[in-house]
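Have a look at the structure below, then the notes.
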Amino acid sequence: MTSASTAVPPHAHLRAGGTSVVLDLVSADQPIIVHWGPDLGELAASDLADLARAAVPQRVSGGLDTTARLTLLPQQSGGWLTAPGLSGDRAGADFSTRLTLVDADVTPDAATFTLRDGAAALEVRIALAVGVSGLLHQRLRVTNLGAAPYRVDALTAGFPLPPGAAELLSTTGHHLRERAPQRQPFTIGGFVRESRRGRPGADATLLLAAGVPGFGFERGLVHGVHVAWSGDHRLLAERTPTGDAVLRAGELLQPGEVLLATGESYETPEAIGSWGDGLDELAARFHDELRAREAHPRRPRPVTLNTWEAVYFRQDLDTLRALADRGARVGVERFVLDDGWFHGRRDDTAALGDWWVDAEVWPDGLGPLIEHVRGLGMEFGLWVEPEMISPDSELARRHPDWILRARDELPPPGRQQQVLDLSHPEAYAYIAHRLHALLDEYPIAYLKWDHNRDLAEAGSGAHGTPRTHENVLALYRLLDELLERHPGLEIESCASGGARVDLGILRRTHRIWTSDCLDPVERLDTQRYTGLIVPPEMMGAHLTSPVVHSTGRSVSLPFSALTALFGHLGIEWNLTAEDETTLAQIAAWVELYREHRDLIATGRRVHADLADPALDLRGTVARDRSRAVYVHTQVRTSALHPPAPITLPGLDPDRRYRVSIAIPDGAGGYLGQSPLAWEAAPVTMTGRAAASVGLRPPVLQPQAAALIDAVAVD
């Protein structure tokens with residue numbers, strides 16, 4: 001520990017997982033990140049000093065006498081005249097701070113800095129850590145040392161960018177089309193993405209990335225930042241005329257949401273930065289760190305059948321037994337009963353909050369169904385939506401004061417429901433009791449935890465205070481409590497599809513529901529960009545019925561199955577309506593997934609940057625690069641006929657691979673007039689040749705796919 005009474009070290013070099021972070025601790029009031037990116041190797045103290053000295057800008061005409069530096073927490077007192085790191089005040093006073101470094105604790109892969117402003121009576125601690133896979137983690141905490149309350153408006157972490165980062169990538173979307181990519185030039189000024197929905201939302205950006213123009217999945221230096229938080233958040237990309245560029249990330253606070261009394265602190269959610277030569281390398285850092293966690297799911301991901309699109313609210317024991325029978329026959333390992341099982345729930349207009357089994361639909365409880373499911377060798381799962389409340393419910397009639405609102409009248413309804421205030425101690429205790437009672441009574445292995453509306457006017461009541469922040473903390477506390485009390489329980493984060501996908505919720509859940517849209521055409525992009533942070537084994541991807549519920553598009557089973565292969569496979573389909581031939585085909589696809597799921601759950605996700613937008617090539621490469629499996633998809637008709645060669649990324653460039661292709665039955669077949677030359681006799685090529693020269697793909701009908709295997713032969 002270095003304290004204010006001793007000398008602060010002049011520089012710091014944090015290293016881990018192929019990442020270096022170099023900090024200058026003496027050129028300004030606060031630390032400055034001089035470099036964040038590729039590992040620089042061992043550096044002597046003189047090397048660090050020279051890097052820091054080389055980064056000092058000159059004074060220029062028209063500017064301040066000392067050109068402002070992009071410090072960890074930039075502020076106007078240091079000459080920084082764009083977005084500050086900390087915003088707040090004491091009823092208008094202390095609106096500007098001069099936080100200076102007074103303490104530094106530095107280890108080889110982490111550092112904690114204490115900044116203090118005696119006049120404003122504030123202290124900020126900034127913790128930086130480079131994780132095992134090279135992710136840069138930042139967390140900030142501000143403490144009020146003064147007598148008067150201090151209101152925090154914003155506290156964000158900054159991640160500086162290299163000069164070549166001239167293009168931005170974010171994601172947007174809506175229900176049934178989450179995480180669609182959008183790009184724009186990164187020019188001077190600011191680009192802001194915010195969520196004000198009380199959850200990330202279907203239109204949220206999963207991360208904000210900046211890279212060299214045209215960066216792709218295979219190549220192009222790119223840096224990105226994610227906020228590990230399940231509520232409102234803000235991401236900012238800013239470039240200044242002084243040549244600085246930064247990504248800022250943090251929670252978006254409502255007015256007055258954080259008001260610190262003397263000695264109280266506010267700590268930010270973790271902001272996490274990744275980088276790579278291409279988006280696949282950036283994503284691999286997230287995947288590797290998640291997989292290194294003690295709590296990461298290790299056992300093979302159970303093939304899941306969810307009942308929603310099979311029966312909707314039409315639940316009865318005989319129908320669901322028959323569905324379970326069909327599921328077991330095709331290889332299902334987990335059977336999940338969706339919405340409609342609890343007291344008074346006949347449609348989506350009532351009963352949320354009344355979390356006990358409906359005696360009319362289930363006169364003998366859920367026991368008979370669960371016994372049948374478990375007797376078939378499957379786990380049993382149950383849908384719940386604990387954070388929501390229906391105005392037409394016994395709970396709402398007894399406790400209308402438990403509904404989040406900002407005035408006497410209720411907020412605008414969403415899906416004909418309102419939001420329960422989990423931060424209310426009595427509401428929390430009630431929900432926790434009901435969930436524990438279900439889990440104690442029945443052998444439930446899995447909860448599909450839904451959240452079917454955005455928050456609006458999320459307050460403690462008429463003339464009350466905002467409650468979004470406190471509700472996220474209460475949710476985390478409840479999930480932690482359930483997992484601690486019920487060992488082995490797994491939880492899925494579902495939020496009207498994929499509207500709550502973040503690393504805050506994924507620390508407490510075992511997978512996310514990627515989207516309510518199971519259309520494989522739409523899923524290609526949704527899964528590609530969700531995978532920027534979520535590893536495939538934590539991404540729900542289900543087989544869909546031949547006519548897709550959400551789009552009405554007719555799709556083949558092979559296309560649906562190959563699109564879902566690189567995820568956590570499941571089935572969303574009324575199997576009781578299918579014939580024996582279809583059931584046998586489904587069983588074969590389930591078995592194919594089971595053959596590959598260990599590779600999918602441990603390997604590296606890759607995407608080829610193909611020139612032809614009508615084609616898609618993605619895959620998983622084993623960690624030792626001894627094997628890879630790819631899916632080649634003809635998304636739509638191409639301008640090229642036959643298509644140009646495709647390349648296979650991720651293989652060891654110096655090893656030789658036997659590359660073979662399988663075009664599944666019913667995949668649409670060939671449009672070509674002659675056989676594909678290497679289909680009958682697989683080819684052998686080096687990984688370098690596969691990635692640069694490639695091979696001709698089959699001519700397929702649109703919305704058809706083929707499976708490609710690459711196995712090392714030496």
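Heavy atoms only: backbone and side chains are in, while hydrogens, waters and symmetry mates are out.
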* **Step-by-step salt bridge (Lys or Arg N to Asp or Glu O under 4.0 Å) determination, Arg299 to Glu379** => CA-CA 14 Å; Arg299 67 186 179 112; Glu379 300 174 356; 2.8 Å; yes
**OP:** Verify side chain to side chain contact (heavy atoms under 4.5 Å, CB included) between Asp325 and Leu376, making sure each step is shown before the conclusion.
**Re:** CA-CA 7 Å; Asp325 290 341; Leu376 293 168; 3.4 Å; yes
Could you walk me through whether Phe380 and Leu369 pass side chain to side chain contact (heavy atoms under 4.5 Å, CB included), step by step?
CA-CA 9 Å; Phe380 182 79; Leu369 176 62; 4.0 Å; yes
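Screening residues 681-698 for salt bridge (charged side-chain N to carboxylate O under 4.0 Å, His left out) gives Asp654-Arg688 as the qualifying pairs, with residues at least two apart or on separate chains. Evaluation of the side-chain hydrogen bond (donor to acceptor under 3.5 Å, both in side chains) test over residues 216-225, restricted to residues two or more places apart or in two chains, returns none. Note on residues 513-522: pairs passing side-chain hydrogen bond (donor to acceptor under 3.5 Å, both in side chains), not counting sequence neighbours, are His175-Asp516, Glu178-Ser515, Trp513-Asp516, Asp519-Thr551, Asp519-Arg553. Screening residues 582-602 for salt bridge (charged side-chain N to carboxylate O under 4.0 Å, His left out), with sequence neighbours left out, gives Glu333-Arg594, Glu333-Arg597. Sequence neighbours left out, the pairs with a member in residues 597-655 that pass ring pair (Phe, Tyr, Trp, His ring centres under 6.0 Å) are Phe217-His607. Pairs engaging residues 621-647 under the salt bridge (charged side-chain N to carboxylate O under 4.0 Å, His left out) rule: Asp288-Arg623, Arg627-Asp709 [sequence neighbours left out]. Within the structure, salt bridge (charged side-chain N to carboxylate O under 4.0 Å, His left out) contacts touching residues 497-510 (residues at least two apart or in different chains) are Glu270-Arg507, Glu387-Arg500, Asp480-Arg508.
Side chain to side chain, Trp308 and Asp339 fail the donor-acceptor criterion of an N or O pair below 3.5 Å. No side-chain donor from either of Ser493 and Trp449 sits under 3.5 Å from a side-chain acceptor of the other. Of the N and O atoms on the side chains of Glu578 and Trp573, at least one donor lies less than 3.5 Å from an acceptor on the other residue. No hydrogens or angles considered: a donor-acceptor pair under 3.5 Å links the side chains of His542 and Glu572. When only modelled atom types and interatomic distance are considered, Arg656 and Thr686 share no side-chain donor-acceptor pair under 3.5 Å. Of the N and O atoms on the side chains of Ser638 and Asp612, at least one donor lies less than 3.5 Å from an acceptor on the other residue. Checked by atom type, the side-chain pair His451/Arg199 shows a donor-acceptor distance below 3.5 Å. Of the N and O atoms on the side chains of Thr530 and Arg179, at least one donor lies less than 3.5 Å from an acceptor on the other residue.
Side-chain N or O atoms of Arg193 include none that pairs as donor or acceptor with a backbone N or O of Leu235 at under 3.5 Å. Side chain of Thr576 to backbone of Ala322: no donor-acceptor contact under 3.5 angstrom is found. Put simply, the side chain of Ser274 gets close to the backbone of Leu282: a donor and an acceptor are under 3.5 Å apart. A donor-acceptor pair is defined here as one N or O able to donate and one able to accept, closer than 3.5 Å; no such pair exists between the side chain of Thr647 and the backbone of Pro645. A distance-only check finds no donor-acceptor pair linking the side chain of Ser550 to the backbone of Cys517 [under 3.5 Å]. Between the side chain of His174 and the main chain of Ala202, no donor-acceptor pair closer than 3.5 Å is present. Between the side chain of Arg523 and the backbone N or O of Ser560, no donor-acceptor pair lies under 3.5 Å. Ser170 places no side-chain N or O within donor-acceptor distance of the main-chain N or O of Leu207, the cut-off being under 3.5 Å.
Comment: Arg183 engages Glu167 in a salt bridge, judged by a side-chain N to carboxylate O separation of less than 4.0 angstrom. Lys448 has a carboxylate O that lies under 4.0 Å from a charged side-chain N of Asp338, or vice versa, which qualifies the two as a salt bridge. Between Arg15 and Asp39 a salt bridge is recorded (basic side-chain N to carboxylate O distance below 4.0 Å). Using a cut-off of 4.0 Å between Lys/Arg side-chain N and Asp/Glu carboxylate O, Arg285 and Glu289 are scored as not salt-bridged. Electrostatic pairing of Arg298 and Glu537 does not count as a salt bridge here, judged by no charged N lying under 4.0 Å from a carboxylate O.
Under the ring pair (Phe, Tyr, Trp, His ring centres under 6.0 Å) criterion, His549 pairs with Tyr312, not counting sequence neighbours. Looking at residues two or more places apart in sequence or on another chain, you find no ring pair (Phe, Tyr, Trp, His ring centres under 6.0 Å) involving Tyr657. Residues satisfying the ring pair (Phe, Tyr, Trp, His ring centres under 6.0 Å) test with His372, not counting sequence neighbours, are none. Annotation: ring pair (Phe, Tyr, Trp, His ring centres under 6.0 Å) contacts of Phe215 (sequence neighbours excluded): none. Remark: Asp616 pairs with Arg528, Arg618 by the salt bridge (Lys or Arg N to Asp or Glu O under 4.0 Å) rule, at least two apart or across chains.
Nearest approach of Phe566 to Val629, heavy atoms of both residues: CZ-O, 3.6 Å. Closest approach of Val330 to Leu583, counting heavy atoms only: CG1-O, 3.5 Å. Between Ser556 and Gln703, the shortest heavy-atom contact is OG-O, 4.3 Å. Counting all heavy atoms, side chain and backbone alike, Val501 lies closest to Val534 at CG1-CG2, 3.8 Å. Listed here is the closest heavy atom pair of Pro702 and Val635: CB-O, 4.1 Å. Taking every heavy atom of both residues into account, Pro162 and Leu221 meet most closely at CG-CD2, 4.2 Å.
Between Ile571 and Val590 there is a side-chain heavy-atom pair separated by less than 4.5 Å. Thr205 places none of its side-chain heavy atoms less than 4.5 Å from the side chain of Thr172. Contact of the Phe286 side chain with the Ile272 side chain is registered, since non-hydrogen atoms from C-beta on lie closer than 4.5 Å. Taking 4.5 Å as the limit, every side-chain heavy atom of Pro297 sits out of range of all side-chain heavy atoms of His568. Here the side chains of Val555 and Pro546 are not in contact, with every heavy-atom distance at 4.5 Å or above. The side-chain heavy atoms of Thr633 and Phe559, taken from C-beta on, include a pair separated by under 4.5 Å. Residues Leu532 and Arg605 have side chains in contact (heavy-atom distance under 4.5 Å, counting atoms from C-beta outward). The shortest distance between side-chain heavy atoms of Glu580 and Gln585 does not fall below 4.5 Å.
A side chain to side chain contact (heavy atoms under 4.5 Å, CB included) with Leu648 is found for exactly one of Leu617, Val693, Val621, namely Leu617.
Considering CG of Leu337 and CG of Leu382, their distance stands at 5.5 Å, rounded to 0.5 Å.
Judged by a 6.0 Å distance limit and a 45° cone about the ring axis, Arg334 is positioned over the six-membered ring of Tyr446.
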